[in-house]
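Structure, as structure tokens:
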Amino acid sequence: MLAVATDLLGASLQIDGIGGIIVETEAYRRDDEASHSFRGQTVANAAMFGSPARAYVYRSYGLHWCLNFVCEQGSAVLIRALEPVYGIETMRERRSVSETRKLCSGPGNLCKALSVTGNMNGLSVLAPPFSLELPAAIPAMTSGVRIGISKAAERPWRFAVTGSPYLSKPIRMERNVTD
DNA sequence: CTCAGGATGATCT
DNA sequence: GATCATCCTGAGG
């Protein structure tokens with residue numbers, strides 16, 4: 001699952017032709033207090049216990065959507081930020097923001113820019129409307145502590161393309177990623 | 001049935 | 001940095 005989180009960095013993600021390069025991810029797994037799957041399977045988190053390579057989409061704070069890629073049972077990788085590449089004008093309209101740097105900087109922003117909603121929960125990310133291509137060249141990577149959570153936040157499972165200007169926030173407690 | 005509390009983001013100070 | 005908007009889920013009575 002950590003391997004998936006790093007492999008996705010530099011990958012190209014599009015939904016209906018809109019998207020860009022994944023520059024920030026966060027990993028969650030079953031025996032992880034911060035994970036939605038920690039207390040077992042429920043109606044809401046069922047996708048996390050389904051087949052791998054599917055989307056787990058959930059609503060955050062009542063207003064935002066967040067997109068995850070499901071790995072093995074009960075673990076998933078949260079897509080936190082993209083470098084916008086495809087359909088930038090469409091993203092600007094959806095976000096009502098002009099600065100490219102801010103279009104997909106954060107899980108909620110990214111979902112708004114790509115028009116991800118709860119009805120995509122459980123869909124395969126290997127078939128339309130998704131399009132996922134692994135990177136031609138592996139980018140330099142950095143990891144740090146996860147953010148926005150109160151439990152088990154010290155785990156260094158937040159991954160980012162080193163030096164990317166498109167991150168949701170700067171990496172904290174930075175460390176090396178050795179593949 | 002009630003109800004607290006989020007894997008957030010925009011805005012204000 | 002603090003606040004708040006706003007929706008469920010799932011835990012507890």
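To find a chain, count down the sequence lines: A is the first, B the second, and so on, and within it residues start at 1.
Taking the six-membered ring for Trp and the full ring otherwise, the centers of A/Tyr58 and A/His36 sit less than 6.0 Å from each other.
Each of A/Arg39, A/Arg146, A/Lys151 was compared with A/Asp32 under the salt bridge (Lys or Arg N to Asp or Glu O under 4.0 Å) criterion, and only A/Arg146 meets it.
Cation-pi geometry between A/Arg80 and A/Phe159 is not satisfied (NZ or CZ under 6.0 Å from the ring centre, within 45° of the ring normal).
For A/Arg59, whose side chain is taken as the heavy atoms from C-beta onward, the closest listed nucleotide among C/dC8, B/dG6, C/dT9 is C/dC8. The side chain of A/His36 lies closest to B/dA7 when the candidates are B/dA7, B/dG6, C/dT9. Comparing B/dT8, B/dA10, B/dA7 by their closest approach to the side chain of A/Arg95 singles out B/dA10. Nearest to the side-chain atoms of A/Asn109 among the listed nucleotides B/dA10, B/dT8, C/dT9 stands B/dA10.
At a threshold of 4.0 angstrom between heavy atoms, the contacts of A/Arg146 with the nucleic acid are absent. A/Ala44 comes within 4.0 angstrom of the backbone, heavy atoms only, and of no base.
A/Tyr56 places its OH atom 13 Å from the P atom of C/dC8, with the value rounded to the nearest Å. Look at CG on A/Asn68: it is 14 Å from C1' on B/dT8, rounded to the nearest Å. For the pair A/Asn119 CG and C/dC8 P, the interatomic distance rounds to 13 Å; values are reported in whole Å. In this structure, A/His64 atom NE2 and C/dT9 atom C1' are separated by 17 Å, rounded to whole Å. Between the CG atom of A/Leu63 and the P atom of C/dC8 there is a distance of 10 Å, rounded to whole Å. Summarising the geometry, the separation between CZ on A/Arg30 and P on B/dA7 is reported as 17 Å, rounded to the nearest angstrom. With rounding to whole Å, A/Glu99 atom CD is found 11 Å from B/dA10 atom P. Put simply, NZ on A/Lys151 is 8 Å from C1' on B/dG6, counting in whole angstrom units.
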Side-chain donor-acceptor pairs of residues 121-134 of chain A under 3.5 Å, sequence neighbours excluded:
residue: A/Asn121; atom: OD1; partner: A/Val57; partner atom: N; Å: 3.0
residue: A/Ser124; atom: OG; partner: A/Leu126; partner atom: N; Å: 3.0

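Rounded to the nearest Å, the gap between the P atom of C/dT3 and that of B/dG5 is 16 Å.
Once the 5.5 Å centre distance and the 30° plane angle are applied, the aromatic ring of A/Tyr28 is found stacked with the base of B/dA7.
When atom types are taken as modelled, the side chain of A/Ser75 and the backbone of A/Glu72 share a donor-acceptor pair closer than 3.5 angstrom. At least one donor-acceptor pair closer than 3.5 Å links the side chain of A/Asn109 to the backbone N or O of A/Ser105.
With hydrogens and angles ignored, a donor-acceptor pair under 3.5 angstrom links the side chain of A/Tyr58 to the base of B/dA7.
A donor-acceptor contact under 3.5 angstrom links the side chains of A/Glu24 and A/Ser168, judged on distance only.
The strand DNA chain C forms stems, runs of 3 or more Watson-Crick or G-U wobble pairs with distances below 3.5 Å, at B:1-6 with C:7-12, B:8-12 with C:1-5.
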